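Because the structure is predicted, anything quoted here is derived from the model rather than measured. Whatever order the structure lists ligands and atoms in, that order sets their numbers, starting from 1. One-based numbering along the sequence shown. For the numbers below, each heavy atom of this structure counts, side chains included, while hydrogens, waters and symmetry mates do not.
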Amino acid sequence: MDFAEPADVYVINTCTVTHISDRKSRQLIRRAARNNPEAMIVVTGCYAQVAPGEALAIPGVDLVIGMRERNRIVDLIEEAAFRPDGPRQAVRDVRTAGEFEELPAPALAHERVRAFLKIQEGCNNYCTYCIVPYARGPLKSRHPEKVLAEARHLIAAGFKEIVITGIHTGAYGCDLPEKINLADLLQELVQLPGLVRLRLSSVEPLDVSPELIATVATCGKICPHLHIPLQSGDDAVLKRMNRHYTAEYFRRLVREIRRNIPEAALTTDVMVGFPGETREQFQNTCRFVQEMAFSRLHVFKYSPRQPTPAAKMPDQIPAPVKEERSRLLIALGEELARSFAARFLGREVEVLAEEPSREFPGHYEGLTGNYLRVIFPAAGNCRGELIAVQAEELIGSNLRGKMVEGAGG
Ligand code: SF4
C-alpha cells in the first residue's frame with residue numbers, strides 16, 4: 001500500500017501478533033506519513049493498544065487510538081483536528097473492558113460469497129506466548145440476538161456462507177446471563193431462512209464438546225470442517241505454553257470427531273521454536289501431526305512478545321533453527337493436504353462457486369464444505385451457486401474436475 005490517493009486523514013489499523021506484524025505496522029505508518037505530510041495520521045488496532053508510546057513516537061503520527069475507543073474514532077479525529085494541541089493518545093486498559101463492542105461491518109454481496117461474522121472478542125486463557133489477551137482484553141460474547149440480526153442482514157445482502165469468527169470462539173456464551181453456548185448458537189443460526197452454509201473458524205481443543213461435535217455432525221448446513229489449534233504435539237511444550245491438554249487428549253478428540261464426521265476436514269495451527277523446544281520435542285510434534293493426518297496446517301514461528309511470560313523464558317531458539325523447523329513442518333503439511341484431497345478423486349463433491357479462476361481461464365473455483373479448493377470449467381457467472389463437480393485431477397492440494405451433468409451453470 002503506497003497511500004498515493006489523496007486524503008485528509010489516514011487511519012492505519014495495526015496488528016501486533018508477531019514482531020513481524022509490529023515491523024510491518026511501523027513501516028506502513030511511516031510510509032503514510034512520508035507520502036502525505038499534510039494529512040492527519042491516525043494509528044489504531046492492536047499495536048497501538050499494546051505500544052501506544054512507540055506508535056506516537058513515529059514521526060508524523062498525530063493520534064493513537066486504542067481498542068476500546070474505536071467506536072469513537074470519528075469524534076476523536078474531529079476533536080484532534082480542531083484542537084491540534086489537545087491529547088494525542090486515547091488508549092484505555094482493555095483488561096477492564098466490559099461488553100462486546102458492536103462495530104457493524106458493511107456487507108458486500110456482489111464481491112464476496114463468504115462473510116465473516118464475529119461472535120465474541122478477547123480471551124482469558126493467557127497462553128504463555130500470546131499477546132492477544134493484552135491487546136484485546138477478556139472474553140466478551142456478543143448477545144445472541146445481535147449475532148442473529150447480523151446473520152439475517154448478511155443473508156439478505158446475498159452472502160451464501162457465513163464463517164463464525166472470534167478469538168476464543170469455543171467459549172462463546174460463558175460470560176452472558178443467558179444460558180447459551182456455541183452449539184446452541186449454531187443451532188439457532190442454521191434455522192435462518194436463506195442460509196446456505198455455516199462454517200466455524202478456530203475452536204480450542206478443550207472447547208470441542210460432544211454437543212458441538214454432534215451439532216456439526218447433524219446440521220447439514222454446518223460445514224464438516226473443524227480448525228483446532230494444536231500448537232505442539234509434545235506434552236512438555238504444551239505445559240510450558242499453558243495449554244492445559246496433552247497429545248493423548250487431542251488424539252482422543254480427533255478420534256471422536258472422525259467417528260462422528262468421517263469426512264471432516266481437520267485443520268490446525270502449529271508453533272515451532274517455542275523457547276526450550278528440543279529437537280526431540282519438535283520431532284514429537286512432526287510425528288503427531290503426521291498421525292493426526294490434518295488436512296491443512298498453519299505453521300507459525302514463535303515470536304517473543306512483551307510482556308508475555310514466554311518472552312522471558314530461557315533457551316530462546318535461534319532464528320535459523322526456527323526457520324528450518326518451519327520449513328520441515330510446512331512440507332509435511334503440504335503432503336498431508338495432498339493426501340486428504342486425493343481421497344476425493346473420482347468422487348462428486350459439492351462446491352460453493354466463489355470467483356473465476358485466475359490460473360485457469362474459463363474456470364471457476366470455490367470450496368467444498370470440508371475446505372477443499374476445487375476448480376471447474378464454467379461458461380457463465382456461477383458465483384454463489386452450489387455446484388456438483390466430479391473431481392478428476394489433483395493440482396497441488398486443490399482438485400480440478402468437471403461439472404456434473406445438469407448441475408448449476
Ligand atoms: S487461547 Fe488463543 S487467543 Fe487465547 S491466549 Fe491462547 S493462543 Fe491466545
Between Arg136 and Glu121, does any side-chain N to carboxylate O distance fall below 4.0 Å? yes

Hey, are Arg252 and Glu248 close enough for a salt bridge, meaning a charged N less than 4.0 Å from a carboxylate O? yes

Quick one: side-chain hydrogen bond (donor to acceptor under 3.5 Å, both in side chains) partners of Glu204, sequence neighbours excluded? Arg243

Quick note, ring-ring contact (aromatic ring centres under 6.0 Å, His included) partners involving residues 129-152, not counting sequence neighbours, are Tyr126-Tyr134

Which of the atoms in ligand 1, numbered in the order shown and given with their element, are less than 4.0 Å from a heavy-atom of Tyr129? 7 (S)

Is it possible for you to check whether Arg240 lies under 6.0 Å from the centre of the six-membered ring of Phe274, through NZ or CZ, and within 45° of that ring's axis? no

Test: salt bridge (Lys or Arg N to Asp or Glu O under 4.0 Å). Region: residues 282-309. Which pairs qualify, not counting sequence neighbours? Asp22-Arg305, Arg251-Glu291, Lys301-Glu323

Short list, please: which atoms of ligand 1 are under 4.0 Å from a heavy atom of Ile167? 3 (S)

With distance as the sole criterion, is a donor-acceptor pair present between the side chains of Asp234 and Ser232 under 3.5 Å? no

Just the protein N/O/S atoms under 2.8 Å from atom 6 (Fe) of ligand 1, please, no waters. Cys127 SG

